[in-house]
Number of protein chains: 2
Amino acid sequence: MKLTDAKKQFISSWGAFGTHWGINKTMAQIHALLMISPDPITQDDIMDELSISRGNVNMNIRDLINWGLVDRVIIPGERKEFFTAEKDIWKVATQIIKERKKRELDPMLKLLDQLEDVEGDKKDKNVKQFVETVSGIKKFGGQADKMLQVMVKADENWFVGSLLKFFK
Amino acid sequence: MKLTDAKKQFISSWGAFGTHWGINKTMAQIHALLMISPDPITQDDIMDELSISRGNVNMNIRDLINWGLVDRVIIPGERKEFFTAEKDIWKVATQIIKERKKRELDPMLKLLDQLEDVEGDKKDKNVKQFVETVSGIKKFGGQADKMLQVMVKADENWFVGSLLKFFK
DNA sequence: ATTAATTTTCAAAAAGTTTTGAAAATTCAA
DNA sequence: TTGAATTTTCAAAACTTTTTGAAAATTAAT
């Protein structure tokens, strides 16, 4: 397969993949393009490669920067801004995990704490099932939280090294 | 907090949580309602509790059944169909992982296999970066795949028991 | 200070997704 | 069978999200 075609396929399926994970298609495609670009590229490059508008590129790049996945690069002598993405997939993954934990898991666990002590007859099966469900999720979330914290602190070797530490 | 309010909050935030994970809000809310209901309930119960239309309930229940998270229950002597959800959150999680692995991770890894052997000058930095990125993702995905397989086979004790087996 | 290049913003348009509700299909009891 | 209860379907409406593009803001060179 030619590079041009392989690139197209990679970008398009990384985009589709992203939509299953709450990331919008264009954002994932820009990220894909940056990951396979050896050197930093400009907004215009991205507009051309993906055939999308300037505003679209600009907003999604901003999001990617907020996610900590893309950096603005100043190239001396160049007027335009350039962008580059973290290429190490382990770092990309831990960065995403870190952000999602902060944005989604932590608030959910906080809410469950409040919901757990619902007042009412503990004999009532409705109360009982509610409390059981909430505390089950809390317990599970807590475990997941611990595991993710370890993963995020460790790096390329977390698989062998750090999970063992976790079980020490 | 009263049960009624706690229920409302739980259902609404489980719905919001779901949307971050590619699951639609109503589907997640129905799932939440079923998880905290001690006994099986009908489509009409769900319509009333969540104030949504019959068609909406019907379609989302179908999806939940396809995901293996909800079961149809026949109650002898009752004309209507009843529904119930798996209450064990560990089973819920492994079921979701299993399905998403099948629907998302596996096809992605398959595609990357094809993309990895792009033809062209291995000295060209564009080719080089492309191949490196793709194989990095493949390697990472392969590890994740192995880990998920182990998690899915094990159950409530996977955390302590089975990950150790994985590293044997 | 002026100007041209570049980036950012954001209202409106387009595209995509979810929900409704009523008609069609199915089920089951008499 | 027949008919009432129930479930399913799906086109159209409502809602949500994404994209566009042109105007405003910013930047940097002269």
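We use all heavy atoms of the structure for the numbers below, so side chains are in, but hydrogens, waters and symmetry mates are not. Everything numeric in this text was worked out from a predicted model, so none of it was measured.
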Checklist entry - When you check the phosphate oxygens OP1 and OP2 of dT6(D), does a side-chain N or O of R72(B) lie under 4.0 Å from one of them? => result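 Checking dT6(D) against R72(B), no side-chain N or O comes under 4.0 Å of OP1 or OP2.
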In this structure, how many angstroms lie between the [atom2] atom of [N] and the [atom1] atom of [X], rounded?
| X | N | atom1 | atom2 | value |
| --- | --- | --- | --- | --- |
| E78(A) | dT27(D) | CD | C1' | 15 Å |
| R62(A) | dT19(D) | CZ | P | 15 Å |
| K80(A) | dA4(C) | NZ | P | 17 Å |
| I75(A) | dA28(D) | CD1 | C1' | 17 Å |
| N58(A) | dT18(D) | CG | C1' | 15 Å |
| I23(A) | dT18(D) | CD1 | C1' | 16 Å |
| M47(A) | dA5(C) | CE | P | 16 Å |
| I61(B) | dT9(D) | CD1 | P | 14 Å |

Next on the checklist: Side chains of L33(B) and I41(B), heavy atoms from C-beta outward: is any pair under 4.5 Å?
Outcome noted: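 Side-chain contact under 4.5 Å: yes.
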Checklist outcome for this item: For nucleotides 19-30 of chain C, 5' to 3', base contacts (B), sugar-phosphate-only contacts (S) and non-contacts (-) with protein non-hydrogen atoms under 4.0 Å give SBB-----BB--
Checklist entry - Is the shortest distance from a Lys or Arg side-chain nitrogen in K128(B) or D121(B) to a carboxylate oxygen in the other one below 4.0 Å? => result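 Result for this pair is no, no salt bridge flagged.
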Checklist entry - Does a salt bridge link K87(A) with E132(B), judged by any charged N lying under 4.0 Å from a carboxylate O? => result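 Judged by the 4.0 Å cut-off on N to carboxylate O distance, K87(A) and E132(B) do not form a salt bridge.
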Item to check | Ring-face cation of R103(B) near W67(B) (centre distance under 6.0 Å, axis angle within 45°) | outcome: yes
Checklist entry - Side-chain donor-acceptor pair under 3.5 Å between T42(B) and D45(B), yes or no? => result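 Yes, a side-chain donor-acceptor pair sits under 3.5 Å.
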Item to check | Test side-chain contact (heavy atoms from CB on, under 4.5 Å) applied to Q129(B) and V131(B), V127(B), N126(B), T133(B), the passing residue | outcome: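 Option passing the side-chain contact (heavy atoms from CB on, under 4.5 Å) with Q129(B): T133(B).
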